[in-house]
Every structure is written in structure tokens, then in C-alpha cells.
There are 2 protein chains.
Amino acid sequence: MTKAALRTFDEAGLLDTAARLFRQKGFAATTLREIAQAAGVLPGSIHYRYPAKEALLVALMDRAIERAIAAVQTAAAQTSDPTERVRLGLRAHLQLLLSGDDGVYVLLYDWRSLAGRAREEIVRLRDRYEAFWDGMLYEAAGAGRLRPGVDLKLVRLFGFGAVNWVATWYSPGGGRTPEQIADVFWSYMALGLLPDEQRRDPAPAKLSVLEAPSPSSKEGK
Amino acid sequence: MTKAALRTFDEAGLLDTAARLFRQKGFAATTLREIAQAAGVLPGSIHYRYPAKEALLVALMDRAIERAIAAVQTAAAQTSDPTERVRLGLRAHLQLLLSGDDGVYVLLYDWRSLAGRAREEIVRLRDRYEAFWDGMLYEAAGAGRLRPGVDLKLVRLFGFGAVNWVATWYSPGGGRTPEQIADVFWSYMALGLLPDEQRRDPAPAKLSVLEAPSPSSKEGK
DNA sequence: CAGTGTCTTGGTCAGATGACCAAGGCAGCA
DNA sequence: TGCTGCCTTGGTCATCTGACCAAGACACTG
């Protein structure tokens with residue numbers, strides 16, 4: 001019954017609608033009029049809150065990344081075992097991504113549509129999320145739960161890629177739940193794909209060189 | 001000295017330019033006039049060859065996927081060892097993706113811009129590429145080079161995700177070559193991230209259930 | 001050297017788009 | 001009950017976009 005609750009304007013619904021359309025057709029191909037009509041408001045009302053279409057996208061991404069951080073933090077807090085924390089975090093990330101929350105999808109795949117200051121702001125938020133994951137991986141590595149020599153940043157990028165890509169092919173009726181996919185992917189990452197008797201076959205020297213930490217592990221923009 | 005070589009119009013260059021702009025700004029946000037100007041031709045000349053902007057995108061994706069298939073096939077043909085074929089294919093895929101050939105990037109990340117028949121055509125081509133990979137993985141599994149119980153389709157989706165995602169963060173001066181990244185990722189996938197003494201820790205029953213083949217492994221739409 | 005068919009030129013056109021606003025409505029407060 | 005300020009309404013407007021074309025230039029042929 002607060003003041004905000006009495007407002008007739010459904011701001012969250014507007015963002016949801018915008019996210020759905022942006023995901024379906026892309027940011028540039030979606031018009032403000034379409035969003036307004038689908039959300040049941042007039043274009044002018046959108047403009048009153050968001051001076052430009054870009055601001056709508058930023059607000060939507062902002063909300064999505066806050067949700068992601070909250071979801072993963074909550075999930076990881078359920079245990080203190082470093083390995084298990086990573087597994088639960090992975091689950092939470094994938095659950096959110098596949099939950100029908102189009103905002104996360106848009107965040108991942110439409111950030112090219114942003115330029116200048118808006119892009120910087122989103123990148124800064126994303127960095128926070130990534131730093132959180134790096135922390136979890138660092139703890140796992142420190143507790144001896146990761147093979148020595150693995151590059152934590154590359155591990156994170158590796159895992160993010162595998163998991164984020166799921167959004168491009170997953171369909172709810174596909175016979176696997178998001179949790180199952182997360183756990184299968186977790187097992188692939190944790191145990192590898194080679195059977196036990198093959199693990200020592202590849203020349204160890206070769207691999208150890210390739211896995212040495214890079215001199216400058218600076219990531220791309 | 002063939003007829004084609006004498007033509008002044010640089011069709012490949014036009015597609016290159018279009019791919020670069022589509023990658024930078026997205027398909028919908030790029031205008032035909034921009035492409036024409038950047039390629040050094042007039043908008044009318046583009047329209048003569050491609051009746052609609054969408055046709056340009058299709059042609060560009062078509063070329064990209066043919067290149068990808070050719071690159072991976074050539075790389076994999078260098079050996080008959082199933083495991084090594086996969087590793088070399090992975091390298092070739094990543095090399096092409098990071099080589100500056102924006103067409104492959106556009107193919108991966110801009111196919112939402114297509115609708116109807118055009119989308120179906122690209123999906124059909126993409127399926128061919130994926131089937132090729134499935135074949136390589138099947139051979140590796142048959143030769144006992146993969147842990148029993150792994151779902152080959154999920155393995156492919158897992159690997160594609162990790163590798164394709166690299167295009168979103170890679171920068172040429174980042175201290176790692178595409179080949180190094182491919183090999184590191186390969187080692188993560190093959191050997192897993194857990195150290196040897198931890199591999200048997202997680203409850204085996206739990207994991208084996210999760211890795212059971214899905215009853216209906218139908219992929220997304 | 002004239003003929004022929006392909007390709008380019010430079011511009012037009014209808015339609016759509018993002019941005020914007022003046023005026024009015026309406027809920028909550030005094 | 002009257003007031004006040006936030007929010008919505010239903011447009012307008014300049015600009016840009018993809019599509020399109022008639023006329024002409026060009027390279028090659030016979």
C-alpha cells in the first residue's frame with residue numbers, strides 16, 4: 001500500500017515487455033511504438049520515464065545484472081564448500097538465464113547496441129559480476145579443488161561461454177531441465193571428457209606449456 | 001583473366017565490408033548507404049545484386065559457413081586419430097572465428113535478424129556444420145576416447161558455447177593466440193578442472209544419473 | 001567498328017521512426 | 001472541498017530508411 005504500489009503504471013511490466021521484444025527482434029529492429037502497444041501504454045508515457053530508447057535498454061540490463069548477482073550470491077551462500085559453491089552458482093546462473101527472464105538474454109547478446117557512456121556503465125556492472133565469479137573460483141583453487149596451473153580467468157570465460165550459449169538452443173520442452181544441463185556441464189568441466197585410462201596419454205609437457213599462465217592476461221574490451 | 005576477374009565490382013569486398021559493419025553495429029542498425037559508402041560503391045549497385053538488405057546478410061552468412069566447414073574439414077583431415085581430429089577441428093574453428101573474418105561472428109550472433117525462409121536456409125546450413133562435428137565426436141566416442149555415458153550432442157553444444165563465446169572477449173593483443181586458447185580449452189574439456197585426487201569424490205551415482213541420455217534430445221526450435 | 005547485353009549511376013518516393021510536447025486528468029494532501 | 005504536482009494523453013515533426021528505377025556507361029563480341 002505504499003505510494004509506489006498505488007501507481008497505475010507497471011514499470012516492471014514495461015521492462016519485461018521490452019526485454020521480450022528486444023530478445024525476439026533485436027534492439028534496433030524494435031520500435032518504441034511496438035513496445036508501448038505490447039505493454040498497453042502510449043509511446044509518450046515511455047518517453048516520460050526514459051528520454052531515449054537506449055535508456056530503456058540500460059534500465060533493463062541494469063535490472064537483469066542485479067538479479068543475476070543476487071541469484072548467484074544466494075545460491076552460493078548455501079554451502080561453504082568451495083567446489084559446491086561453484087556448482088550451485090552455475091545452477092543459479094543457468095536457471096535465471098533459462099527462466100524466461102529475457103533481460104538476462106538481452107544483457108548477454110544485445111550489449112553491442114549500446115555505445116559510449118551507456119556501454120561503459122553496463123560493462124562496469126558486468127565486471128562486478130565477473131569479479132564475484134573470479135572470487136569463487138579463486139577460493140576453489142586455493143582449497144586445492146582445481147588442478148594446479150589452470151588460469152582462473154580462462155576457466156571463467158570457458159564456463160561462461162558454455163553456459164551462456166545454452167540460451168541460444170535451449171527449449172523448455174527439450175527433455176532436460178536447466179538444473180540437469182547445469183549439472184551435466186558441471187561434470188564435463190570438473191571431470192573432463194576423456195575416460196580415466198586416457199587421461200595420462202597426451203604428452204604432459206606439451207599440455208603444461210599450454211596451460212602456463214599468460215604473461216599478460218588482459219582481456220578484451 | 002577470366003570474365004569474372006575483369007569485373008570491376010568487388011563482390012567479396014562488399015560482403016567483407018557489410019560483415020564488418022554488421023558486427024560493429026548490428027544488422028538492423030546498419031544502413032545500406034553506410035555499407036555502400038564504406039565499400040566504395042553506390043547504394044543502387046548493391047540493390048542490383050541483392051534485392052533486399054536481408055539477401056546481403058544471407059549471402060554473407062552462406063559464405064561464412066562454407067568457409068567454416070572447409071576449414072574444419074581440412075584441419076581434421078590431417079590425422080586419423082579421433083581425439084586429435086577433434087582437437088585440430090577445434091583449433092581451426094577458433095582460428096577462423098578470431099581471424100578477423102567478421103562473417104563468422106555475424107553468423108553466430110546476428111541470425112536473429114533473419115526471419116522466415118531466410119532463417120530456415122541458414123539454419124539448414126548450420127545443421128550441416130553441426131552434423132559434421134557430431135560425426136567427429138561419434139568417432140571419438142566409438143574409439144573409446146570419451147567417457148562412457150556422455151551425451152554427444154550436449155558435448156558439442158558445450159564445446160561450441162565455450163569456443164564461440166571467445167569472440168565476445170578476445171582481443172588480438174591479449175597475450176594468447178587463438179591456437180593457445182583452443183588448446184587450453186581443449187585440455188579443460190578433455191581432462192577436466194579437478195585434480196586427480198578429487199575426481200572420485202563427488203557421489204558417482206548422482207553424477208551418472210545426471211549424465212544419462214535424455215529421453216528426447218530434441219534441440220531448440 | 002557497330003552491336004549487344006550487363007552493370008552502374010544518381011536520384012526519387014512512400015512510409016516509418018525516435019524524439020518531443022502542450023494540455024489535461026487524477027490521486028492524495030491540507 | 002479545493003489545491004497541487006505527478007503522470008498520461010494523443011498527437012506532431014524533422015529525419016532517415018529500404019526499395020526502386022530509368023537512363024546511360026562500359027566491356028566484350030562478331
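Below, each value reflects all heavy atoms present in this structure, side chains not excepted, and no hydrogens, waters or symmetry copies.
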J.: Could you tell me how far apart A/Glu34 (CD) and C/dT17 (P) are, to the nearest whole angstrom?
T.: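 Atom-to-atom, A/Glu34 to C/dT17, this comes out as 7 Å.
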
J.: Name the residue closer to the 5' end of DNA chain C, choosing between A/Pro51 and A/Ala29 according to the nucleotide with the nearest heavy atom.
T.: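 The answer here is A/Ala29.
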
J.: Does C/dA19 have OP1 or OP2 under 4.0 Å away from a side-chain N or O of A/His47?
T.: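 Answer no for this pair, as no side-chain N or O of A/His47 is under 4.0 Å from OP1 or OP2.
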
J.: Nearest whole angstrom, please: distance from the C1' of C/dA19 to the CG of A/Leu57.
T.: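 Between C1' of C/dA19 and CG of A/Leu57: 17 Å.
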
J.: How would you list all residue pairs meeting side-chain hydrogen bond (donor to acceptor under 3.5 Å, both in side chains) that involve residues 52-62 of chain A, not counting sequence neighbours?
T.: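 Output for this query is empty, none listed.
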
J.: Within this structure, what is the CD-to-P distance between B/Glu54 and D/dT17, rounded to whole angstrom?
T.: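 Result: 18 Å.
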
J.: Using the C1' atoms of five pairs at each end, what's the angle between the two axes of the helix from C/dC1-D/dG30 to C/dA30-D/dT1, to 10 degrees?
T.: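 The two end axes of the helix from C/dC1-D/dG30 to C/dA30-D/dT1 meet at 10°.
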
J.: When the distance from NZ of B/Lys53 to P of D/dC20 is rounded to whole Å, what number comes out?
T.: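 Distance check: B/Lys53 NZ to D/dC20 P gives 14 Å.
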
J.: Write down the distance between CG (A/Leu56) and P (C/dA19), rounded to a whole number of angstrom.
T.: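 One finds 10 Å between P of C/dA19 and CG of A/Leu56, rounded.
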
J.: Considering residues at least two apart in sequence or located in another chain, which fulfil the side chain to side chain contact (heavy atoms under 4.5 Å, CB included) criterion with B/Phe132?
T.: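 For B/Phe132 the side chain to side chain contact (heavy atoms under 4.5 Å, CB included) partners, ignoring immediate neighbours, are B/Val72, B/Gln73, B/Met136.
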
J.: Give the rounded distance in Å between these two atoms: CZ of B/Arg49 and P of C/dT6.
T.: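 Rounding to the nearest Å, CZ of B/Arg49 and P of C/dT6 are 13 Å apart.
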
J.: Tell me every residue that passes salt bridge (Lys or Arg N to Asp or Glu O under 4.0 Å) with B/Glu120, counting only those two or more places apart in sequence or in another chain.
T.: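 If we apply the salt bridge (Lys or Arg N to Asp or Glu O under 4.0 Å) test to B/Glu120, skipping adjacent residues, there are no hits.
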
J.: Holding to ring-ring contact (aromatic ring centres under 6.0 Å, His included), I want the full list of residues that pass it with A/Phe27, two or more places apart in sequence or in another chain.
T.: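 With neighbours one apart ignored, the set is A/Phe22.
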
J.: Between the main-chain N or O of B/Val41 and the side-chain N or O of B/Ser45, is there a donor-acceptor pair closer than 3.5 Å?
T.: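 No; judged by distance alone, with no hydrogens or angles, the pair does not exist.
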
J.: Which residues pass the salt bridge (Lys or Arg N to Asp or Glu O under 4.0 Å) test with B/Arg23, sequence neighbours left out?
T.: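 Result, salt bridge (Lys or Arg N to Asp or Glu O under 4.0 Å) vs B/Arg23: B/Asp102.
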
J.: Taking everything shown except B/Glu121 itself, do over 12 heavy atoms lie less than 6.0 Å from its CD?
T.: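 Above 12, so yes.
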
J.: Given atom CG of A/Leu32 and atom C1' of C/dT17, what is their separation to the nearest angstrom?
T.: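 Result: 9 Å.
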
J.: Whole angstrom is fine here: how far is it from OH in A/Tyr50 over to C1' in D/dT8?
T.: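 After rounding, the reported distance stands at 15 Å.
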
J.: With sequence neighbours left out, which residue pairs that include part of residues 54-103 of chain A fulfil the ring-ring contact (aromatic ring centres under 6.0 Å, His included) condition?
T.: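 Qualifying pairs, neighbours excluded: A/His93-A/Tyr129, A/His93-A/Phe160.
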
J.: I'd like to check the side chain to side chain contact (heavy atoms under 4.5 Å, CB included) partners of A/Ala55; sequence neighbours left out, ordered by chain and number.
T.: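 Here the qualifying residues are A/Tyr50, A/Pro51.
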
J.: Report all interatomic pairs (protein N or O, nucleotide N or O of nucleotides 9-13 of chain C) with separations under 3.5 Å.
T.:
from: C/dT9; atom 1: OP2; to: B/Ser45; atom 2: OG; distance (Å): 3.4

